There are 2 protein chains.
Amino acid sequence: MTNTDHLETLPRPTRQRRAIAAVLDQADDFRSAQEIHEVLRAGGDSVGLSTVYRTLQAMADAGQIDVLRSEAGESVYRRCSTTHHHHLVCRSCGATVEIEGPAVESWTRSMAAHHGYRDIAHTLEIFGTCASC
Amino acid sequence: MTNTDHLETLPRPTRQRRAIAAVLDQADDFRSAQEIHEVLRAGGDSVGLSTVYRTLQAMADAGQIDVLRSEAGESVYRRCSTTHHHHLVCRSCGATVEIEGPAVESWTRSMAAHHGYRDIAHTLEIFGTCASC
DNA sequence: CCACCAATTGACAATGATTCTCACTTTCAT
DNA sequence: ATGAAAGTGAGAATCATTGTCAATTGGTGG
């Protein structure tokens, strides 16, 4: 028996996954799968587009990165802190600030409960133009 | 000179636009353009898909309907009250409750201001499973 | 060290919502 | 009625995302 029997199947550390993680580490704002694919191609560490999509979704499912829908409807990804938070995003340069709002969290919970809704999830994003834009 | 010189060009009341508005009036939850197109086709008031998209966007721009992105990434539309509000949506049956949260509104404003962001917009939706599902 | 097998990859096709095109139709003020 | 402008729609085009499947790879037991 191995020493990982009790763990969920972990992804293998492949060249491709390391390359994608590296791109996310260097970016300080949200990036789309297509952008990441292009960065890798330009840098010589070419990775298949399917793999980029698969990896980003896996990382998002594992809670390692945050996903949000850009105003254009594209899914964009970013490495974030692990605690629950929301984003304040500059619609011009993409600069992102992580924000927390305990009051909002409890408000959504009580709102949902008041109307009998269960298994709550919520999305809250703030878009604006940052000071330097 | 006409008596509408000072108005923005208003959309003409065509059969198609009336049919689309009628579908929205009857629905009490969010509908996609494709769904509306299908309902019209089934009801005999067939309307071109392009027209459905165009009309929905125009109505959304005019503030006559609310738009939100379903969890599947599709744009869905619904006739709503004119005051600013958010939605509590059942992810199973689509039942929608309009909710208001003055505290959340002021919180987003102050958060944005605190970080120097201007021209603020925000999205907040709550998804859950309603009591009857 | 090696063979083996499941996880992984990637080129390419397929999907599906949305947008674009453009010739034809309708509306409406005169 | 009539001409110009607004509106329409069938079909093509776009574009992000997902599916397919044969070839590759990592790591494990022997």
Side-chain angles (χ1 to χ4, degrees), chain A residues 1-23 30-62 64-65 67-78, chain B residues 1-23 30-62 64-65 67-78:
Chain A
M1 103 184 240
T2 73
N3 62 348
T4 59
D5 278 0
H6 61 294
L7 297 176
E8 292 300 316
T9 53
L10 295 175
R12 288 177 180 168
T14 65
R15 169 185 75 76
Q16 291 85 342
R17 293 210 240 260
R18 257 175 270 123
I20 291 168
V23 172
F30 286 88
R31 296 269 195 256
S32 71
Q34 306 271 352
E35 286 171 342
I36 292 171
H37 176 249
E38 185 47 42
V39 168
L40 291 169
R41 173 174 303 258
D45 280 328
S46 193
V47 173
L49 188 52
S50 302
T51 301
V52 174
Y53 274 104
R54 270 189 302 243
T55 302
L56 289 173
Q57 284 189 343
M59 292 179 80
D61 287 347
Q64 295 166 10
I65 56 178
V67 201
L68 76 81
R69 296 266 180 177
S70 72
E71 292 184 315
E74 219 179 355
S75 287
V76 287
Y77 306 84
R78 177 175 186 262
Chain B
M1 115 182 230
T2 74
N3 63 348
T4 59
D5 278 359
H6 61 296
L7 297 175
E8 291 300 315
T9 53
L10 295 176
R12 289 178 180 168
T14 65
R15 169 184 76 77
Q16 291 86 341
R17 293 210 240 262
R18 258 177 269 122
I20 292 169
V23 172
F30 286 87
R31 297 269 195 255
S32 71
Q34 307 270 352
E35 286 171 342
I36 292 171
H37 176 249
E38 186 47 42
V39 169
L40 291 169
R41 172 174 304 257
D45 280 329
S46 194
V47 173
L49 188 52
S50 304
T51 300
V52 174
Y53 274 105
R54 269 190 302 245
T55 302
L56 289 173
Q57 284 189 344
M59 292 179 79
D61 287 347
Q64 294 166 10
I65 55 178
V67 199
L68 76 81
R69 295 268 180 175
S70 73
E71 290 185 319
E74 220 179 355
S75 288
V76 287
Y77 306 83
R78 177 175 185 262

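Order of the sequence lines fixes the chain letters, A, B, ..., with proteins taken first and strands second; residue numbering starts at 1 for each chain. Predicted model only: the values in this text are computed from it and were never measured.
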**OP:** Could you tell me which non-hydrogen atom of A:Val52 sits nearest to which non-hydrogen atom of A:Ala33, and how far apart they are?
**Re:** CG1-O, 3.6 Å
Subject >> Shortest non-hydrogen contact from B:Val76 toward B:Ser70 >> reply: CG2-N, 4.2 Å
**OP:** Could you pull out all residues at least two apart from B:Arg78 that satisfy side chain to side chain contact (heavy atoms under 4.5 Å, CB included)?
**Re:** B:Phe30, B:Cys80, B:His87, B:Thr96, B:Glu98
Original post:
Per the end-axis method with five pairs at each terminus, what is the bend angle of the helix from C:dC1-D:dG30 to C:dT30-D:dA1, to 10°?
Top reply: 30°
Subject >> Side chain of A:Gln34 - closest among D:dT17, D:dT8, C:dT9 >> reply: D:dT17
Subject >> Listed partners of B:Leu49 passing side chain to side chain contact (heavy atoms under 4.5 Å, CB included), at least two apart >> reply: B:Gln34, B:His37, B:Tyr53
**OP:** Please report the shortest heavy-atom distance between A:Pro13 and A:Arg18, naming the atom on each side.
**Re:** O-NH2, 2.7 Å
Subject >> Results of side chain to side chain donor-acceptor pair (under 3.5 Å) for B:Thr51 - residues two or more places apart only >> reply: B:Arg54
Original post:
Using a cut-off of 4.0 Å between protein heavy atoms and nucleotide atoms, how would you tag nucleotides 23-28 of chain C 5' to 3' with B, S and -?
Top reply: ---BBS
Subject >> Interatomic distance, A:Thr14 atom OG1 to A:Ile20 atom CD1 [nearest 0.5 angstrom] >> reply: 7.5 Å
Original post:
Which pairs with one or both residues in residues 31-43 of chain A pass salt bridge (charged side-chain N to carboxylate O under 4.0 Å, His left out), sequence neighbours excluded?
Top reply: A:Asp29-A:Arg31
Subject >> Nearest-Å distance for atom pair CZ/C1', residues B:Arg69 and D:dT17 >> reply: 13 Å
Original post:
Are side-chain heavy atoms of A:Ser46 and A:Leu40 found at a separation under 4.5 Å?
Top reply: no
Subject >> Partner set under side chain to side chain contact (heavy atoms under 4.5 Å, CB included) for A:Ala60, not counting sequence neighbours >> reply: A:Ile65, A:Val67
Original post:
Quick one: side chain to side chain contact (heavy atoms under 4.5 Å, CB included) partners of B:Glu71, sequence neighbours excluded?
Top reply: B:Arg91, B:Phe127
Subject >> Touch class at under 4.0 angstrom, heavy-atom based, for B:Glu35 against every strand present >> reply: nothing
Original post:
In whole angstroms, how far is the P atom of D:dT18 from the CG atom of A:Asp61?
Top reply: 11 Å
Subject >> Proximity to the side chain of A:Gln16 - top-ranked nucleotide from C:dG10, C:dT8, D:dG9 >> reply: C:dG10
**OP:** Provide, to the nearest angstrom, the distance between the CD1 atom belonging to A:Ile20 and the C1' atom belonging to C:dT8.
**Re:** 12 Å
Original post:
Does C:dT18 have OP1 or OP2 sitting under 4.0 Å from an N or O in the side chain of B:Gln57?
Top reply: no
Subject >> Proximity to DNA chain C (any heavy atom under 4.0 Å), residues of residues 36-55 of chain B only >> reply: B:Leu49, B:Ser50, B:Tyr53
**OP:** Using atom CD of A:Glu71 as one end and atom P of D:dA16 as the other, report the distance to the nearest whole Å.
**Re:** 17 Å
Original post:
So what does B:Ser32 touch, heavy atoms closer than 4.0 Å: a base, only the sugar-phosphate, or nothing?
Top reply: nothing
Original post:
From the list D:dT18, C:dT9, D:dT17, which nucleotide is the closest neighbour of the side chain of A:Glu74?
Top reply: D:dT17
